Amino acid sequence: MTSSSTDFKLLAAQVEALTSERLHWVTTLANTSALLAQELNGINWVGFYLAGDFVDASLPADELVLGPFQGKVACTRIPWGKGVCGTAAQLNRTMRIDDVHSFAGHIACDIASASEIVVPLHAKGRVVGVLDIDSPLPARFDETDQADFELIAGIVENALLVAPAT
Ligand code: SME
């Protein structure tokens, strides 16, 4: 199954609109996760993990911390290089996992999850977080989805460093 029933052109325009409001990234990511949860079919979790030091200088740079999301309560800290999310962050590449149970080190937050895609987010020339999407369906995400989510992530990351309008 793919997300072919999703109009990605429209979705990209909606994400663009959400990210163009010059709001703090917490606000932008909160609404973006809500939009993605609303518009994507066959998913059970969608949201963001962010590099600790991107969120707050007092947090470790070698951990991802939970950001805005939609879905079940999730693990709050993921070491850089661990799990699907930490691996995507460390390798700076999208991880598309057809069967999460066959991925050594997968971190199960929702036991319903069967497949997952994680796309790195960049700012200041480095990885500052990831977009994580889980599905209860095996092999839910295909190459087209990957390209579409990488496009969405590119729009989102443009908004990460925006100084909020007063
Ligand atoms: N499965 C992820 C953890 C985050 S949850 O899916 C929301 C991982 O292995 O990194």
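If you're wondering where the values come from, they're calculated on a predicted model, not measured in any experiment. Start at 1 and go down the list; that is how both ligands and their atoms are numbered.
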*Examine distances only and state if a side-chain atom of T27 and a backbone atom of L23 form a donor-acceptor pair shorter than 3.5 Å.*
no

*Could I get the full list of side chain to side chain contact (heavy atoms under 4.5 Å, CB included) partners for S20, not counting sequence neighbours?*
none

*Report yes if the distance between the aromatic ring centroids of F8 and F149 is under 6.0 Å, otherwise no.*
yes

*Among pairs that include at least one residue of residues 51-69, which meet side-chain hydrogen bond (donor to acceptor under 3.5 Å, both in side chains), considering only residues two or more places apart or in two chains?*
D53-R126, D56-S58, E63-R77

For residues 108-123, which side-chain donor-acceptor pairs fall under 3.5 Å, sequence neighbours excluded?
{"from": "D110", "atom 1": "OD1", "to": "A112", "atom 2": "N", "distance (Å)": "2.9"}
{"from": "D110", "atom 1": "OD2", "to": "N44", "atom 2": "ND2", "distance (Å)": "3.0"}
{"from": "S113", "atom 1": "OG", "to": "N44", "atom 2": "ND2", "distance (Å)": "3.1"}
{"from": "S113", "atom 1": "OG", "to": "D110", "atom 2": "O", "distance (Å)": "3.2"}
{"from": "S113", "atom 1": "OG", "to": "D134", "atom 2": "OD2", "distance (Å)": "2.9"}
{"from": "S115", "atom 1": "OG", "to": "L137", "atom 2": "O", "distance (Å)": "2.6"}
{"from": "S115", "atom 1": "OG", "to": "R140", "atom 2": "N", "distance (Å)": "3.1"}
{"from": "E116", "atom 1": "OE1", "to": "H106", "atom 2": "NE2", "distance (Å)": "3.4"}
{"from": "H122", "atom 1": "ND1", "to": "E157", "atom 2": "OE1", "distance (Å)": "3.1"}
{"from": "H122", "atom 1": "NE2", "to": "N92", "atom 2": "OD1", "distance (Å)": "2.6"}

When you pair each N or O of ligand 1 with protein N or O atoms, which pairs come out under 3.5 Å?
{"from": "ligand 1", "atom 1": "1 (N)", "to": "H106", "atom 2": "NE2", "distance (Å)": "3.3"}
{"from": "ligand 1", "atom 1": "1 (N)", "to": "I107", "atom 2": "O", "distance (Å)": "2.7"}
{"from": "ligand 1", "atom 1": "1 (N)", "to": "E116", "atom 2": "OE1", "distance (Å)": "3.1"}
{"from": "ligand 1", "atom 1": "1 (N)", "to": "E116", "atom 2": "OE2", "distance (Å)": "3.1"}
{"from": "ligand 1", "atom 1": "6 (O)", "to": "E116", "atom 2": "OE2", "distance (Å)": "3.4"}
{"from": "ligand 1", "atom 1": "6 (O)", "to": "D132", "atom 2": "OD2", "distance (Å)": "3.3"}
{"from": "ligand 1", "atom 1": "6 (O)", "to": "D134", "atom 2": "OD1", "distance (Å)": "3.4"}
{"from": "ligand 1", "atom 1": "6 (O)", "to": "D134", "atom 2": "OD2", "distance (Å)": "2.8"}
{"from": "ligand 1", "atom 1": "9 (O)", "to": "V84", "atom 2": "N", "distance (Å)": "2.9"}
{"from": "ligand 1", "atom 1": "9 (O)", "to": "I107", "atom 2": "N", "distance (Å)": "2.8"}
{"from": "ligand 1", "atom 1": "10 (O)", "to": "V84", "atom 2": "N", "distance (Å)": "3.0"}
{"from": "ligand 1", "atom 1": "10 (O)", "to": "C85", "atom 2": "N", "distance (Å)": "2.9"}

_Is there a continuous path of hydrophobic side-chain contacts, each under 4.5 Å between heavy atoms, that joins I107 to L64?_
yes

